[in-house]
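A note on names: the letters A, B, ... follow the listed sequences, proteins ahead of strands, and every chain is numbered from 1. None of these values were measured; they are calculated from a predicted model.
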Amino acid sequence: MAPTNRHIEFESYKANRQAIPEDLAAAIPYVYKLVEGFNIPLITLDGYEADDIIGTLAKQAEAKGYTVYCMTPDKDFGQLVTESIFVYKPARLGNGAETLGIKEILEKWEVSDVKQVIDILGLWGDSVDNIPGIPGIGEKTAKDLIKRFGSMEAILANTNQLKGKQRENLETFAEQGLISKKLATIQLDVPIELDEERLILGQPDQEALEPLFAELEFRTLGKRVFGEEFNVLTTPPTSGTQMDLFGNAASTEATNTTTEYVPPVAGKNVHNTPHTYFLADTPVLKQELASLLSKQRSFCFDTETTGTDANVADLVGLSFSIEPGTAWYVPAPPDRAESMQVLAYFKPIFEDETIEKVGQNTKYDILLLARYGINVKGPLFDTMLAHYLIDPDTRHGMDVLAENYLGYTPIPITDLIGPRGKKQGNMQDVDMEAIKEYAAEDADITLQLKATFEPLLEKAEAVELAQKVEFPLVHVLADMEQSGVNIDVPVLQQLSETLATDIVELEKTIFQKAGVRFNIASPKQLGEILFEKLQLDPKAKKTKTGQYKTGEDVLLTLASKSDIVKDILEFRQLQKLKSTYVDALPMMINPLTGRVHTSYNQAVAATGRLSSTNPNLQNIPIRTARGREVRKAFIPRDENHVILSADYSQIELRLVAHMSDDKGMLDAFEKGLDIHRATAAKVYGVPLEEVTAAQRRNAKAVNFGIIYGQSAFGLSQNLGIPRTEAAQIIEQYFAQYPGIKRYMNETINFAKEHGYVETLLKRRRYLRDINSANQTVRGFAERNAINAPIQGSAADMIKVAMIAIHEAIKKQGLNGKMTMQVHDELVFDVPKEEVALFRALAEKHMKSALNMSVPIVVELGEGRNWLEAH
DNA sequence: TCTGTCACG
DNA sequence: ACGTACGTGACAGAA
């Protein structure tokens, strides 16, 4: 690009200009392509900036009698406004769009002539446009000075009328002020001719835009521009006849389809792999298929069902594949008993321990089949989990995997049951031919994904992690979900009533103190009450959408100003408890089992942790007295059972000690010391027994901070201490634990060199931003580099333990169940006579899951509910 | 559908 | 002047 006039006039303009952020730089070519694709006129001229081109064209258009709107958020465009030229400022965040004419500009800038906008900007500067302005002069001073003197030049000629630092600055930086004014001036003499014909908006060019949209994953925009059919597969032509398993014999029915190969076209939704899908809907065919499958060492399967909740959905059909491009679909009748008859053909192969089962999100299929009396056994290969290990930060849905790795766009489910929302169709009612294509394709693609992922898993050194941990864990989680947990509904109902009364009470008090009734749960309304009506903080911070910040940390700093604050915090707490737990949990009880069955997601947390949904059982309250009450509702199966909880003690810090090999920390754990107290003793240089409560609290915060890669700022915020003090504590910490400092440096260097970090079991997390030039972005990646191996190794450890415990329970034929996992805790529902066994079993397998150079401590507890078990 | 808030480890 | 400790999921309100 040629240097612009402005660059020539003010060379430091370019020198001072910060490098364009890399993510923005990467986006610009796409912006050009999109603008072109939409047939939006694009005018560029080497050596001139967009502002100047727009200004020049605006003036020419005005001369021709047009009314002109410059659509821009830039404030410097105010200088262009005339009777017929307006600035149209687009809506942004909380603010609506504005049309600015002469009147508005004069008001906004407090000037008598729009041209004075330039003078103000010259004084004030504009960091967005890299206009330096005059140091020490902000918006207010600039406006005052212009009101008094009228122009930059007049001010500079009369600095004798000013005094102090202001005069000094104006005199010293007079040159810079004049240059700034020049930079702020929009040039109106660009050598360009207005040609109205060239400015007419064209129609979007579908051929140009579709591949772009596909690449950028602009699904919603695609639908808006091209209609709902965008990204939706057109039905392929059908042909072919058959009768046996491979369609060899003749038949009058055209039920099997073979399509010709069509090269993949991203976003075009072309069915693009040669394939033959068969329908196995007669006893003979089903028998033959089952027999064929029974001879395989591995087969791929998928279930079609009426819903996404495996504890509720009904089976609609099954699909199988054993080689790419070939698959069978077996329909299952709506009637459950009849479905079981169909499944009877396949039960032996599913329960054959020697045959590997391949699938996408196999836990779903396993849970579903379990409800039909099939106990899926044997090794698994789950493509979703395989990809989770290959690249945990990305998405693992079958559709995206097929598109990214096979260049193939599968039939979207919406083709069969319509778009999501109110009147979604039922899988049960879909045309057999369509469902066969869809279902068989799923099994076919999944098998192909397996073939693709196997070498990738090897390359990522994750084969063992997959085969020994993630795949076997599927069976464990399926069993846990199926077991579910028992909920004491009356306890929650009682709790709900108490909460309701207290909430009403608090509400009354708050309205009284505020002097108005309002919705306390609305951050918008609450912010207005606190900061406008009550004026609790003149410097209140706002969120990016323009609302006042009302988070807990903000409110706590206001507690001394008005006691309404603590009422609000309490109101929030109770409201949260009531809506998220107390009232929600009973509604999650499965009517068939009378228990709550969470769903563990094995492929969402980038570090390797599990997550829990519907309901989330990993965030049941414990930190506050009222919240803890909820745990009393988590009760054993019956009076003959108890809840047993097994908790890793300080697992992440122990892992830090192990991985860093820091002698001091290893020693503290070796001696069985309270690690936070030991850390405080070291950091403050006092004997263990003289550590104060405050010192221990600070040390504990640092210990946690280390795990997250925090800064002095973060620590000072967290502890409410000055930054310098926080910095000192951290410095002392690293002086006392030099191994940890070294480990952290090594980890970040490893990440910078390899682009990923890994856990003890070689679970990788790629950190694409680790070498970013952007400090904020890189800082984020660096903290991830520190945290991911720690959090992830803890996840590795408990997963290994879970598999071992599950195996032992099965082997010993015990009746107790493992029911919940909360990151460092396992919860069991155990018959009283098995408690001793389970205690020993859990402790043993949790301690020995991984080979560690530091003692691992497991805390066990039992009780009539989850709270008591702690 | 997004945002703010808050529950957990 | 900014941003600032990791990983999650659910709910209410706003858009």
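- Out of B:dT5, C:dC6, C:dG3, the shortest distance to the side chain of A:N787 is found at C:dC6.
- Residue A:R783 places none of its side-chain N or O atoms closer than 4.0 Å to OP1 or OP2 of C:dG7.
- Salt bridge present: A:K752 and A:E782 bring a charged side-chain N and a carboxylate O closer than 4.0 Å.
- Counting atom types as modelled, A:R572 pairs no side-chain N or O with a base atom of B:dG4 as donor and acceptor under 3.5 Å.
- If you check every strand for non-hydrogen atoms under 4.0 Å, A:R765 touches sugar and phosphate atoms only.
- A:N619 has no side-chain polar atom (N or O) that falls below the 4.0 Å cut-off from OP1 or OP2 of B:dG9.
- For A:I620 and C:dC11, the CD1 to P distance is 11 Å, given to the nearest whole Å.
- A:Q575 comes within contact range of no nucleotide atom at all, as no heavy-atom separation falls under 4.0 Å.
- The distance between atom CE of A:M744 and atom C1' of C:dA5, rounded to the nearest whole Å, is 11 Å.
- When the C1' atom is used for both C:dA5 and B:dC8, the distance is 16 Å, rounded to whole Å.
- Looking at heavy-atom distances under 4.0 Å, A:N601 makes no contact with the nucleic acid at all.
- Between the P atom of B:dT5 and the NZ atom of A:K549 lies a distance of 8 Å, rounded to the nearest Å.
- Using a 4.0 Å cut-off between charged side-chain N and carboxylate O, A:K89 and A:D74 make no salt bridge.
- Look at CD1 on A:I651: it is 16 Å from C1' on C:dG7, rounded to the nearest Å.
- Atom-to-atom, CZ of A:F704 to C1' of C:dA5 comes out at 12 Å; the value is rounded to the nearest Å.
- C:dA14 atom P lies 12 Å from atom CZ of A:F518, rounded to whole Å.
- Here A:R631 does not pair with A:E868 in a salt bridge; the nearest charged N to carboxylate O distance is not below 4.0 Å.
- Among B:dA7, C:dA14, C:dT4, the nucleotide with an atom closest to any side-chain atom of A:R723 is C:dT4.
- Using a 4.0 Å cut-off between a side-chain N of Lys or Arg and a carboxylate O of Asp or Glu, A:E629 and A:K632 qualify as a salt bridge.
- Only the P atoms considered, B:dG4 is 13 Å distant from C:dG3, to the nearest whole Å.
- Checking the phosphate oxygens (OP1, OP2) of C:dA14, a side-chain nitrogen or oxygen of A:Q525 falls inside 4.0 Å.
- Side-chain N/O atoms of A:N784 include one lying less than 4.0 angstrom from OP1 or OP2 on C:dG7.
- Of the P atoms belonging to C:dT4 and B:dT5, the separation is 14 Å, rounded to the nearest Å.
- Distances from the side chain of A:L569 to the nucleotides C:dA15, B:dC6, B:dC8 place B:dC6 closest.
- In this structure, the CD atom of A:Q710 is 19 Å from the P atom of C:dG3, given to the nearest Å.
- Counting only N and O atoms by type, the side chains of A:E481 and A:T598 include no donor and acceptor under 3.5 Å apart.
- At a threshold of 4.0 angstrom between heavy atoms, the contacts of A:G551 are confined to the sugar-phosphate backbone, with no base atom among them.
- Here the side chain of A:N718 is nearest to one of C:dG3, C:dA5, C:dA15, namely C:dA5.
- Using a cutoff of 4.0 Å between basic side-chain nitrogens and carboxylate oxygens, A:D391 and A:R765 are not scored as salt-bridged.
- Under the 3.5 Å distance criterion, the side-chain polar atoms of A:T819 are left unmatched by any main-chain donor or acceptor of A:M480.
- Between A:Y548 and A:F531, the ring-plane angle classifies as tilted under the 30° and 60° cut-offs.
- Between the A:Q525 side chain and the A:N519 main chain, a donor and an acceptor come within less than 3.5 Å of each other.
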The dot-bracket string of DNA chain C, counting Watson-Crick and G-U wobble pairs with both distances under 3.5 Å, using [ ] for crossing pairs and | for pairs to another strand, is .....|||||||||.

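- Closest to the side chain of A:K576, from the set C:dC11, C:dG9, C:dG7, is C:dG9.
- Comparing atom distances between the A:R623 side chain and each of C:dG9, B:dG9, B:dA7 picks out B:dG9 as nearest.
- At a non-hydrogen distance threshold of 4.0 Å, A:R609 from residues 605-615 of chain A come into contact with DNA chain B.
- In this structure, A:L506 CG and A:L574 CG are separated by 6.0 Å, a value rounded to the nearest 0.5 Å.
- When distances run from any side-chain atom of A:P523 to the nucleotides C:dG13, C:dC6, C:dG7, the shortest one goes to C:dG13.
- Here A:E652 lies out of heavy-atom contact (under 4.0 Å) with every strand.
- Within 3.5 Å, no donor on the side chain of A:E552 pairs with an acceptor on the base of B:dC6, nor the reverse.
- Going from atom NE2 of A:H870 over to atom P of B:dC8 covers 11 Å, rounded to whole Å.
- Side-chain atoms of A:H676 never come within 3.5 Å of backbone atoms of A:D674 as a donor-acceptor pair (strictly under, hydrogens ignored).
- For A:R778 and A:D769, the salt-bridge test fails: no basic side-chain N is under 4.0 Å from an acidic carboxylate O.
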